[in-house]
Amino acid sequence: MKKPYYTVKDVIVITGVTKRTLHYYDEINLLKPESYSDKGYRLYNQEDLKKLRTILMLKELDLPLKEIATIMQMPKQEQQAILAGHYQAVQIKKQNLERTLMNLEDFISGKDISYLDVFHEGNILPLKEQYHAEAKYVYGDTAKYQEYEKNIEQIPEEERATVFEAFDQNMEDVFKQFAKLSKESLASEKVQQIVREWKSYLEQFMVCDTEILQCIAYTYKDDEGFKAYINQFGDDKLNEFIHQAIMCYCKNERLSHVENK
């Protein structure tokens, strides 16, 4: 026959909580035992065990004991309403954890940290925002950067994230195509077509004359961040190949311009 009451030792065996925890919950009036034995030992009933399991579940949500005590005093319907809000918070934590795991997998597989999707909480800016801030710091006083900023401002704010995401994806696709053609001649039509495609994506934001294209090409060649990003799509010379392909395009453009004069 089941016992009508459970001692502290029984509750410890059943739930795994510590004696110290049960005593503390009693002291702060979070979980008072139903009664006491003749010798003063705490005695818990099945309803007490149910309350304890609810408390332990709420602790899993990282709720402070003070808030848990308040929730425990509420009717069940109000408890459900409060916990619905916490459910949404846990969902967000789950999404953040999944993103963190994906970033960790990418980093372990060799992807450069500069292009991981990290820093979404606290005061640390996401990496893409850091790069935009760095670019403005370095190039902000140039006419081309000011032209770029002006064009960005003309895009409705609610559409910018989508535009940037599409641009990033297009650039990634272009670099992957360059990687597949890295054994081709720089002057081949296949390679030069990819250069023209790459240029067309940049032209969404600025006028791309040969001067600015060469500047970007040298950035791909010399900047450690760009080198790490580009070379993840091929070998450690992919950035050099793209630099030379762009320079070849610029040379052909200048010759064409001279011939047409």
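The pair K199-E203 counts as a salt bridge, with a side-chain nitrogen and a carboxylate oxygen less than 4.0 angstrom apart. Contact check on R196 versus E189 returns a salt bridge, with a Lys/Arg side-chain nitrogen under 4.0 Å from an Asp/Glu carboxylate oxygen.
Note that the CG atom of L83 and the OG1 atom of T54 stand 9.5 Å from one another [nearest 0.5 Å]. Remark: W198 CH2 to N170 CG distance equals 14.0 Å, nearest 0.5 Å. Note: Q154 CD to E159 CD = 12.5 Å, rounded to the nearest 0.5 Å. Atoms CG and CZ, from L181 and F178 in turn, are 8.5 Å apart once rounded to the nearest 0.5 Å. One finds the CE atom of M247 at 5.0 Å from the NE2 atom of H243 (value rounded to the nearest 0.5 Å). To the nearest 0.5 angstrom, S188 atom OG is 10.5 Å from Q193 atom CD.
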**Y36/L43 under side-chain contact (heavy atoms from CB on, under 4.5 Å): CA gap, chis, key distance, verdict** = CA-CA 5 Å; Y36 294 86; L43 297 175; 5.8 Å; no
**Candidate pair E172 and K176, rule salt bridge (Lys or Arg N to Asp or Glu O under 4.0 Å), full reasoning** = CA-CA 6 Å; E172 183 175 318; K176 288 178 179 178; 3.2 Å; yes
**Candidate pair Y41 and T7, rule side-chain contact (heavy atoms from CB on, under 4.5 Å), full reasoning** = CA-CA 7 Å; Y41 296 125; T7 65; 6.0 Å; no
**Item:** ring pair (Phe, Tyr, Trp, His ring centres under 6.0 Å) evaluation trace for F175 with Y220
**Value:** CA-CA 11 Å; F175 293 140; Y220 287 177; 5.7 Å; yes
**Message:** Determine whether L58 and Q79 satisfy the following criterion, side-chain contact (heavy atoms from CB on, under 4.5 Å), listing intermediate values before the conclusion.
**Reply:** CA-CA 11 Å; L58 295 176; Q79 288 182 357; over 6 Å; no
**Message:** Could you walk me through whether Q177 and D173 satisfy the side chain to side chain donor-acceptor pair (under 3.5 Å) test, starting with their C-alpha distance in whole Å, then the side-chain angles of each, then the deciding distance to 0.1 Å, before giving a yes or no?
**Reply:** CA-CA 6 Å; Q177 291 181 68; D173 292 341; over 6 Å; no
**Message:** Show, in sequence, the C-alpha distance, side-chain angles and deciding distance for Q214 and Y218, and conclude whether the side chain to side chain donor-acceptor pair (under 3.5 Å) test is met.
**Reply:** CA-CA 6 Å; Q214 286 179 310; Y218 279 114; 6.0 Å; no
**Test log, rule side-chain contact (heavy atoms from CB on, under 4.5 Å), inputs L31 and Y44** = CA-CA 10 Å; L31 180 67; Y44 298 89; 4.2 Å; yes
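Hydrophobic cluster membership is shared by L63 and I55, with clusters built from Ile, Leu, Val, Met, Phe, Trp and Tyr side chains linked at under 4.5 angstrom. When the side chains of ILVMFWY residues are joined at heavy-atom separations under 4.5 Å, either directly or via intervening members, I82 and Y87 end up in two distinct hydrophobic clusters.
Open room surrounds CD on Q77; 12 or fewer heavy atoms of other groups in view lie less than 6.0 Å from it. A 6.0 Å sphere centred on CD of E157 holds no more than 12 heavy atoms belonging to other residues, nucleotides or ligands.
Judged by distance alone, the side chain of D26 and the main-chain N or O of P33 form no donor-acceptor pair under 3.5 Å. Under a 3.5 Å cut-off, the side chain of Q192 and the backbone N or O of A245 do form a donor-acceptor pair. For the pair R160 (side chain) and I155 (backbone), a donor-acceptor distance under 3.5 Å is present. Not a single donor-acceptor pair under 3.5 Å links the side chain of T219 to the backbone N or O of D223. For the pair Q204 (side chain) and Y201 (backbone), a donor-acceptor distance under 3.5 Å is present.
The minimum heavy-atom distance between T21 and T18, with the atom names listed, is OG1-OG1, 2.8 Å. For E184 against F241, the heavy-atom pair with the smallest separation is O-CE1, 3.8 Å. Annotation for K32 and D48: closest pair O-OD1, 3.7 Å, computed over non-hydrogen atoms. When all heavy atoms of F167 and L202 are compared, the pair lying nearest together is CZ-CD2, 4.0 Å. Listed here is the closest heavy atom pair of D10 and Y5: OD2-O, 4.4 Å. In terms of heavy-atom proximity, A179 sits nearest to G234 at CB-CA, 4.1 Å.
Note on residues 56-70: pairs passing salt bridge (charged side-chain N to carboxylate O under 4.0 Å, His left out), not counting sequence neighbours, are D62-K93.
Put simply, the side chain of I194 does not reach to within 4.5 Å of the side chain of I242, judged on heavy atoms. Using a 4.5 Å heavy-atom cutoff, the side chains of F226 and N239 are not in contact. Put simply, the side chain of D209 reaches to within 4.5 Å of the side chain of I212, judged on heavy atoms. Taking 4.5 Å as the limit, every side-chain heavy atom of D235 sits out of range of all side-chain heavy atoms of N231. In this structure, the side chains of L186 and Y249 stay at 4.5 Å or more apart for every pair of heavy atoms. Side-chain contact between R53 and I14: present, with at least one pair of heavy atoms (C-beta onward) separated by less than 4.5 Å. Contact check for Q91 versus K94: side-chain heavy atoms found under the 4.5 Å cut-off. N45 has its side chain out of reach of Y6: every pair of non-hydrogen atoms, C-beta onward, lies at least 4.5 Å apart.
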